[in-house]
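In the text below, chain A, chain B and the rest are named by the order of the sequence lines, each starting its count at 1. The structure displayed is predicted, hence computed values, not measured ones.
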Number of protein chains: 2
Amino acid sequence: MTKYLFQTLSFVFISMPLLAQNLPRVQQERLEKTLFELAAFGKMENGETNRVAFSDADIAGRRYVMGLMAEAGLDVHIDAAANIIGRRDGLDPSKKPLAFGSHIDMVPHGGNYDGIVGSLAAIEVARTLNDQEVATQHPLEVIIFSNEEGGVMGSRALAGTLTPEALEVTNSTGFRMGQGIQRLGGDTTKIYQVKREPGSLAAFLELHIEQGALLDRGGIDIGVVEGIVGIKWWDVQVSGTANHAGTTPMDLRQDALLAASRFVIAVNEVALATQGRHVATVGRISAQPGAPNVIPGEVLLSLEIRDLSSEKIQGLFTEIQARASKIAAESGTSFTYRPIDATGAPALTDPKIRQAISEMAASLNLSYISLQSGAGHDAQEMAALSPVGMIFVPSKAGISHSPKEFTSAEDMANGANVLLRTLLALDRQWP
Amino acid sequence: MTKYLFQTLSFVFISMPLLAQNLPRVQQERLEKTLFELAAFGKMENGETNRVAFSDADIAGRRYVMGLMAEAGLDVHIDAAANIIGRRDGLDPSKKPLAFGSHIDMVPHGGNYDGIVGSLAAIEVARTLNDQEVATQHPLEVIIFSNEEGGVMGSRALAGTLTPEALEVTNSTGFRMGQGIQRLGGDTTKIYQVKREPGSLAAFLELHIEQGALLDRGGIDIGVVEGIVGIKWWDVQVSGTANHAGTTPMDLRQDALLAASRFVIAVNEVALATQGRHVATVGRISAQPGAPNVIPGEVLLSLEIRDLSSEKIQGLFTEIQARASKIAAESGTSFTYRPIDATGAPALTDPKIRQAISEMAASLNLSYISLQSGAGHDAQEMAALSPVGMIFVPSKAGISHSPKEFTSAEDMANGANVLLRTLLALDRQWP
């Protein structure tokens, strides 16, 4: 991992150099135990857990989590968007809440760590504060977002970006989102009232497993997330001329799949030739008419570009289009592009929160690097409301959305302790 | 068309230098009239004709054609495979029949020339012989094959290569082939009895529109078909590693679609770099899991190679495999190949028949070139039974399997006259 900047553990948190040793720490075994207990809700005969949003397992798992939150001394309620919110008063009622949390719903065939580590770590942090009777100036809110995997539903409701169309979408449980919200104890008739005003939160923090392998391969404890990439999707149509594959000589073809193949390679070459951590992917392709004995006249494919900078995404797309124009001219084909609504704009994390996370990691003698999140998260939506910070912990081999997800108890506790200290640092530093 | 050999009109048919002027000729207007009349069976409101095998229109069209055959003095019957056979006695009962014909069924959204020109020209040839009271030494058989477009059904029955599985296949009319044969007046209980013995025919001749554009673009009257290409199909599986498109850096991917795209280009490059008239096509492709935000872990695609030589097909495939191995090694993917049964082995036409066709075209002052048939035909199956010859006439822009098919009345008549003279030449020359 020599290509990634590895920062040595030289920072010490400026404002509390002597207190660091005495700060509370989370209980690693207790945190791990809650993860195993939550994994039981939706566990199947093959040992894997299936807990897609709105399923009976989701409802049961949420009930378990609400119990944990109440045990942690939080005042728990379900909002109209079915988010679980646990509040704790602050000493200064004039201050806005510091919020932190993640989600416990899973993709189909998912694992027990994505979202769950961050949710249970948030609860463990609250429980630690409660156990140690640590008061904060700011009120605290632990938020377990509803249906993250099915379109960051709960956080979109809070950010005011949930659309009526989204409520009509059916997930793999067979329930439409609107029905699902009712099942989870929300109230679709009041769902738009959960919207928070920008500036109504002091900050939002999310701990999450890294869904790449930078931390695991580098043997690094903590990822300080610079931002969550923006994602742009296009449907690309390549038009040539369908023709008889037996009677059309090789040099008289306008083969849409041949042109599309050159396009797929061009996308990869443009992405590789440009410096940065952007990614560009063609994940879906079909050729029409799609018979072995017919030269494809039309190909439909998807193009996805992700980066922290919208300008960078646009620049890459422009370069790809230029390459495609050349391919079109050389092959007698044409390319058209239709932008598709994806998960939206890049969300940068707050520089001061990034610095606090780095310093708190250092104060715990944990190694850390800066990285970006290539995946979407609730924090991306929450960035519309307040400064956000994200802490990543290693996921074995970078695996996510798979029953093979794994993060060690030590890594989970490391992340939770960084979350805890960052929260306390913000509580002291933040307005 | 300078790259294709254009033979000048220097040949004169050796065995009948003086008779050529006096040979009978077909009636162009009568031939064209039958084509228009047949087009009425299945004509839709938009003016296009829909006459897929087994349809009511097919049944009505066959009835019309059988009437024409009887008018031409043929002794007409439907065999158990629903082929329409019109016989005419020869002067020498010891000689085997000279057979000629084609098919009148259409693909869905097809045109009025593919198969039909050859069928009606064969009938016009028989009618001309009848009108002119020209006797032949050999018995003659005009064969209108059943369901050519749905798997050369009738000719396979004659060649003995029709399988019981084929009879279970349903075409676009909704009828299974077995049901269709009954509808057309065949008899599935006796279908295997129509099989002819190899050597039981003196020769088989088929006139057909060219399904490429060599004749039309070159302004050439007649194509002397060297052979009907063999077709080999493979299902190709490209295996990489599916992964999160947002979190997997560009340089850590094993993208099956990227490798597949290089394969599609390699197929094209190998085909273009090798001398000859072979074709190689990838017509079908799909990527798994097929989501815009997932790097494809697996791609399935079709590979088709056609050539007159089975060895050439194998050589091209071997070269493509070598290129794929290199792609696999460079991209961390793997390729596997599954051969699929396609329409079979190459069928070369008889050199003496080719020479007769060339000489007869020359005797009519028609320009001609040698070419291969990239499409399959009934003659390909008939090659198992006897020497075969094929005569191509121009199709506008090489279009076939489309309502836009067009061959001029003059080109049809030219082809029919070449067919007529070749038949008479074979009758004189052939044992």
Side-chain angles (χ1 to χ4, degrees), chain A residues 210-214 229 231 233-235 243-253 255 257-258 260-265 267-268 271-272 277-287 289-296 299 301-304 306 340 342-343 373-376 398-401, chain B residues 210-214 229 231 233-235 243-253 255 257-258 260-265 267-268 271-272 277-287 289-296 299 301-304 306 340 342-343 373-376 398-401:
Chain A
E210 189 210 349
Q211 291 172 274
L214 297 184
V229 297
I231 306 179
W233 284 2
W234 292 266
D235 274 350
N243 223 326
H244 195 299
T247 59
T248 313
M250 296 307 297
D251 58 344
L252 294 179
R253 298 176 169 210
D255 183 336
L257 181 55
L258 187 62
S261 296
R262 292 181 60 192
F263 179 83
V264 170
I265 290 169
V267 167
N268 189 258
L272 282 171
R277 283 176 292 176
H278 55 271
V279 285
T281 305
V282 177
R284 191 170 56 196
I285 189 166
S286 66
N293 54 358
V294 183
I295 300 161
V299 169
L301 53 83
S302 63
L303 171 64
E304 180 192 270
R306 301 188 187 211
I340 302 294
T343 63
S373 173
I399 294 169
S400 72
H401 289 190
Chain B
E210 188 209 347
Q211 291 172 275
L214 296 183
V229 298
I231 307 179
W233 284 2
W234 292 265
D235 274 350
N243 223 326
H244 195 299
T247 60
T248 312
M250 297 306 297
D251 57 344
L252 294 180
R253 297 176 169 211
D255 183 336
L257 182 54
L258 187 62
S261 296
R262 293 182 60 192
F263 179 83
V264 170
I265 290 168
V267 167
N268 189 258
L272 282 172
R277 284 175 292 175
H278 56 271
V279 285
T281 305
V282 178
R284 190 170 57 197
I285 190 166
S286 66
N293 54 359
V294 184
I295 299 161
V299 169
L301 53 83
S302 62
L303 171 63
E304 180 192 272
R306 300 188 188 210
I340 302 293
T343 64
S373 173
I399 293 168
S400 72
H401 288 190

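Among the candidates Val282(A), Ile295(A), Thr248(A), the residue making the largest number of heavy-atom pairs closer than 4.5 Å to chain B is Val282(A). Among Ala260(A), Gly212(A), Gly398(A), the residue with the largest count of heavy-atom pairs under 4.5 Å with chain B is Gly212(A). With chain B as partner, the option from His278(A), His401(A), Met250(A) having the largest number of non-hydrogen pairs under 4.5 angstrom is Met250(A). When each of Gly374(B), Pro292(B), Ser373(B) is checked for heavy-atom pairs under 4.5 Å with chain A, Pro292(B) comes out on top. Of all the listed residues (Pro289(A), Ala271(A), Gly290(A), Ala375(A)), the one sharing the greatest number of non-hydrogen pairs under 4.5 Å with chain B is Gly290(A).
When all heavy atoms of Ala287(B) and Gly283(A) are compared, the pair lying nearest together is CB-O, 3.9 Å. Between Glu304(A) and Ala245(B), the closest heavy-atom pair is OE2-CB, 3.5 Å. Annotation for His244(B) and Ser400(A): closest pair CD2-OG, 4.3 Å, computed over non-hydrogen atoms.
Taking 4.5 Å as the limit, some side-chain heavy atom of Ile265(B) sits within range of a side-chain heavy atom of Leu258(A). Counting heavy atoms from C-beta outward, Leu257(B) and Ile285(A) have side chains that approach closer than 4.5 Å. Two residues are said to be in side-chain contact when any heavy atoms from C-beta on lie closer than 4.5 Å; Thr281(B) and Arg253(A) meet this criterion. Taking 4.5 Å as the limit, every side-chain heavy atom of Thr247(B) sits out of range of all side-chain heavy atoms of Glu210(A).
With a 4.5 Å cut-off on non-hydrogen atoms, Arg262(A) touches chain B through its backbone and its side chain both. At a 4.5 Å heavy-atom cutoff, the contact between Val264(B) and chain A is made by backbone and side-chain atoms alike. Proximity to chain B (any heavy atom under 4.5 Å) is restricted, for Ala291(A), to the backbone atoms N, CA, C and O. The contact between Val279(A) and chain B is made by backbone and side chain atoms together, counting heavy-atom distances below 4.5 Å. For Ser302(B), the part sitting under 4.5 Å from any heavy atom of chain A is the side chain, from C-beta outward, and nothing else.
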Side chain to side chain contact (heavy atoms under 4.5 Å, CB included) between Val294(B) and Arg284(A), intermediate numbers included | CA-CA 9 Å; Val294(B) 184; Arg284(A) 191 170 56 196; over 6 Å; no

